[in-house]
> 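Questions regarding the structure given below will be posed in turn.
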Amino acid sequence: MNSFVYNIPTKVYFGENQLGHLGEELRKFGRRVLLTYGGGSIKRNGLYDRVIEELSKADLEVFELSGIEPNPRIESVREGVKICKEQGIDVLLAVGGGSTIDATKFMAAGACVEHDAWEFFGANAKPINEALPIVTILTLSATGSEMDTGGVISNLATGDKLGRLAAPLLPRVSFLDPTLTYSVSKYQTACGAADIMSHIIEVYFNTQEDLFMLDCFMEGMLKTVVKYAPIAVAEPENYEARANLMWTSSWAINGFINGGKRKAWSCHPMEHELSAVYDITHGLGLAILTPRWMKYCLDETTVDKYVQYGVNVFGIDPSLDKMEIAKRSIALTEEFLFEKLGLQRTFTEVGIKREDFKMMAQKACRYGDIKGFKTLTPADVEAIFEMCL
Ligand code: NZQ
Ligand code: ZN
């Protein structure tokens, strides 16, 4: 097991009625706040009014940027950078899901440099040495952006959707109130659950030596998603289900579970090309890809990990033949995603076409072969795409 650094300093207010602390937390960073949000869900569910009330109680000066898109665009980031610079913003407050939070992270970093924010991305990316402080109010359990150093931005002009990790992007404070996710649609709840599951699977299915404690932790989180996501889909106002999903979303990707393992993410690089070209929801793309990728990687050299997953997460009988357990574990993953969560199962259903496979596969491997659970070349990625039709 490799040595590692553990440093997850985001302060979290978890639970109902915590927004009373919003003003005091923001005041620690200054008075001029840029409030960012998406397409209006926070206005429809009343959260916007509650936030504004807290901000005015704390006598903060508020500037706003709304309309941040799902799969957020670089143009929104540029707009935010402009406001930060022109208005001398002290702190950014992102209220929304991963898209709003991600875009806000790069506004905060872009405000500290002279170059265009898109230069933070790609093979010759510029460093991110600092960012304005970021506070978040999470409204959708999925990406973990509320407690991680990452963000993903789309550029329609270049046809790219690129991610970036940098420590200064970590939110200083995040408010996690499960009741704020009651209004999330069944579809977005299901996509969010698929995303959380994938974040865990991307680390769990790894050829590097495991730390037993972390594997148990991941299995616990996977069981949590499998148990509670269908409940949240069926009963949107079930607090227990929403709370379990919310806290799992943060811990699935805040770095804790890596435990020094090399990065082995496979489905995410493939999925980002799907959303770059087709603008589909990230979690849906992952749901379609994940079981196919699992099938593609299964052989005598990898089977043990599937057995561990199948037995410990889905309770499959350990006395069965190993290959049989592995196949059942994939079938149960499919049943969870496509039947219990009701997500679409194929590229054909969501309009993703074979004619783009080669280009998307090349781009998924833009930094070289995907060195994941199994190394994937562009040809492997294309083969996995074929399995998704
Ligand atoms: O824009 P509004 O009107 O707020 O509506 C949003 C949006 O339409 C809606 N929504 C959010 N909270 C709601 C709500 N609707 C009703 N009630 C609420 N409480 O849900 C829709 C989707 O929102 P979005 O923020 O796009 O979803 P998500 O949180 O899944 O974020 C997806 C983005 O994050 C990136 C994805 O690639 C994608 O661009 N990711 C970010 C990661 C990170 N920062 O570490 C990691 C992930 O793997 C992922 O790549
Ligand atoms: Zn994800």
Side-chain angles (χ1 to χ4, degrees), residues 10 36-48 50-51 65-74 76-77 94-106 134 136-155 160-166 169-171 174-203 232 236-237 242 245-246 249-255 263 265-276 278-287 289-290:
T10 302
T36 59
Y37 54 98
S41 70
I42 69 163
K43 289 211 164 159
R44 289 188 291 279
N45 64 18
L47 176 58
Y48 175 85
R50 282 168 66 193
V51 170
L65 175 59
S66 62
I68 296 170
E69 316 79 4
N71 297 327
R73 313 271 158 83
I74 189 65
S76 295
V77 175
V95 185
S99 295
T100 293
I101 300 174
D102 282 6
T104 306
K105 287 178 171 176
F106 294 101
I134 301 154
T136 81
I137 301 175
L138 183 66
T139 65
L140 197 171
S141 305
T143 67
S145 190
E146 66 279 7
M147 208 179 176
D148 78 8
T149 60
V152 193
I153 301 296
S154 297
N155 185 334
D160 290 314
K161 180 175 182 189
L162 299 179
R164 177 74 195 267
L165 301 169
L169 302 178
L170 192 73
S174 283
F175 288 83
L176 273 57
D177 176 349
T179 67
L180 299 180
T181 64
Y182 285 173
S183 56
V184 177
S185 66
K186 289 181 189 301
Y187 169 70
Q188 286 292 345
T189 300
C191 289
D195 192 20
I196 300 169
M197 180 179 224
S198 174
H199 295 158
I200 305 163
I201 284 179
E202 299 270 37
V203 181
E237 303 204 0
R242 293 293 196 183
L245 286 178
M246 189 169 244
S249 85
S250 304
W251 280 86
I253 195 175
N254 68 8
K263 290 265 180 304
W265 290 41
S266 305
C267 291
H268 273 69
M270 292 191 273
E271 195 296 313
H272 285 160
E273 300 312 323
L274 307 181
S275 5
Y278 291 93
D279 203 20
I280 61 163
T281 305
H282 172 63
L284 175 62
L286 290 170
L289 284 166
T290 299

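Both ligands and their constituent atoms are indexed starting at 1 by order of listing. All values below come from the heavy atoms of this structure, side chains included, with hydrogens, waters and symmetry mates left out.
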> Counting heavy atoms only, name the option from Ser183, Ser185, Gly98, Gly40 that's nearest to atom 29 (O) of ligand 1.
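Minimum heavy-atom distance to atom 29 (O) of ligand 1 goes to Gly98.
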> Provide, to 0.1 Å, the distance between atom 12 (N) of ligand 1 and the closest protein heavy atom, together with that atom's residue and name.
Thr139 OG1, 2.8 Å
> Would you mind listing which atoms of ligand 1 come within a distance below 4.0 Å of any non-hydrogen atom of Ile253?
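Checking each atom against Ile253, I get 45 (O), 46 (C).
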> Of Thr100, Leu47, Leu180, Val51, which is the lone residue that meets side-chain contact (heavy atoms from CB on, under 4.5 Å) with Ile42?
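The option that passes is Leu47.
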> How many angstroms lie between SG in Cys191 and CD1 in Ile196, if you round to the nearest 0.5 Å?
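Answer for the SG-CD1 pair, Cys191 versus Ile196, is 11.5 Å.
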> Can you see whether Thr10 engages Ser174 through a side-chain donor-acceptor pair at a distance of less than 3.5 angstrom?
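The answer is no; no qualifying pair exists.
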> Pull out every atom of ligand 1 sitting under 4.0 Å from any heavy atom of Val184, numbered as shown with elements.
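Those of ligand 1 that fall under 4.0 Å from Val184 are 13 (C), 16 (C), 17 (N), 18 (C), 19 (N).
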> Is there side-chain contact between Thr181 and Met246, with at least one heavy-atom pair below 4.5 Å?
yes
> For ligand 1, which atoms sit closer than 4.0 Å to a heavy atom of His268?
48 (O)
> Check Ile153 against Ala103 and note the closest heavy-atom contact, atom names and distance.
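Closest approach of Ile153 to Ala103, heavy atoms only: CD1-CA, 3.8 Å.
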> Under 4.0 Å from any heavy atom of Asp195, which atoms of ligand 1 are there?
47 (C), 48 (O)
> Among protein heavy atoms, which lies nearest atom 42 (C) of ligand 1, and at what distance?
Thr143 CB, 3.7 Å
> How does Glu69 reach ligand 1, if at all, at less than 4.0 Å between non-hydrogen atoms: by side chain, backbone, both, or neither?
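The answer is neither; Glu69 stays 4.0 Å or more away.
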> Ignoring hydrogens, just give me the one of Pro236, Pro70, Gly39, Ser99 whose non-hydrogen atom is nearest atom 32 (C) of ligand 1.
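Result: the heavy atom closest to atom 32 (C) of ligand 1 is in Ser99.
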> Where is the tightest heavy-atom contact between Arg242 and Tyr182, given as atom of each residue plus distance?
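Nearest heavy atoms, Arg242 then Tyr182: NH2-O, 3.7 Å.
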> Please determine whether any non-hydrogen atom of Pro72 lies less than 4.0 Å from an atom of ligand 1.
yes
> Can you name the closest pair of heavy atoms from Ser99 and Ile68 and give their distance?
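Smallest interatomic distance, heavy atoms only, reads O-CG2, 3.7 Å.
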> Just to be sure I understand the site: which N, O or S atoms from the protein are less than 2.8 Å away from the Zn ion (ligand 2)?
Asp195 OD1, His199 NE2, His268 NE2, His282 NE2
> Who gets closest to atom 15 (N) of ligand 1 by heavy atom: Ser41, Ser141, Gly144?
Ser41
> Mind checking what makes side chain to side chain donor-acceptor pair (under 3.5 Å) contact with Glu69, not counting sequence neighbours?
Ser76
> What are the two closest heavy atoms between Asn71 and Ser275, and how far apart are they?
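Minimum heavy-atom separation between Asn71 and Ser275: ND2-CB, 3.8 Å.
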> Please determine whether any non-hydrogen atom of His272 lies less than 4.0 Å from an atom of ligand 1.
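Yes, that is the case, since the closest heavy atom of the residue is under 4.0 Å from the ligand.
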> Show the atoms of ligand 1 that are less than 4.0 angstrom away from any heavy atom in His282.
36 (C), 37 (O), 47 (C), 48 (O), 49 (C), 50 (O)
> Strictly below 4.0 Å, N to O, side chains only: are Asp279 and Arg73 in salt-bridge contact?
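Arg73 and Asp279: salt-bridged.
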> List ligand 1 atoms under 4.0 Å from Asn71, heavy atoms only on the residue side.
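Those qualifying, in numeric order: 38 (C), 39 (O).
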> Taking non-hydrogen atoms only, is Leu180 closer than 4.0 angstrom to ligand 1 via side chain, backbone, both or neither?
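It is the backbone that touches ligand 1; the side chain stays farther off.
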> Is there a donor-acceptor contact under 3.5 Å linking the side chains of Glu146 and Thr136?
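There is no such pair (donor and acceptor under 3.5 Å, judged by atom type) between the side chains of Glu146 and Thr136.
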> Which pair of heavy atoms, one from Ile134 and one from Leu169, lies closest together, and at what distance?
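Closest approach of Ile134 to Leu169: CD1-O, 3.6 Å.
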> Tell me, which protein residue and heavy-atom name are nearest atom 37 (O) of ligand 1, and how many Å apart are they?
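Of the protein heavy atoms, Lys161 NZ, 2.7 Å lies nearest.
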> Are any of the N or O atoms of Ser145 closer than 3.5 Å to those of ligand 1?
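Checking ligand 1 against Ser145, an N or O pair does fall under 3.5 Å apart.
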> Testing the 3.5 Å rule here: is there a donor-acceptor pair between the side chains of Ser198 and Glu271?
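No, Glu271 and Ser198 have no side-chain donor paired with an acceptor closer than 3.5 Å.
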> With a cut-off of 4.0 Å, which atoms of ligand 1 are near a heavy atom of Gly150?
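Atoms satisfying the 4.0 Å criterion: 44 (N).
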> Ignoring hydrogens, just give me the one of Ile153, Ile68, Asp102, Ile42 whose non-hydrogen atom is nearest atom 41 (C) of ligand 1.
Asp102
> From atom 6 (C) of ligand 1, is the closest protein heavy-atom distance below 4.0 Å?
no
> Hey, is Asp148 close enough to Lys105 for a salt bridge, meaning N to O under 4.0 Å?
yes
> Cut-off 3.5 Å, side chains only: do Thr149 and Arg164 have a donor facing an acceptor?
no
> Using distance alone, with no hydrogens and no angle criterion, decide if Tyr187 and Thr281 have a side-chain donor and acceptor under 3.5 Å apart.
yes
> Pull out every atom of ligand 1 sitting under 4.0 Å from any heavy atom of Gly38, numbered as shown with elements.
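Close to Gly38: 1 (O).
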> How far apart are the closest heavy atoms of Ile101 and Ser145, and which atoms are they?
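That closest heavy-atom pairing would be CG2-OG, 3.2 Å.
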> Nearest heavy atom to atom 27 (O) of ligand 1: which of Val152, Asp148, Leu140 does it belong to?
Leu140
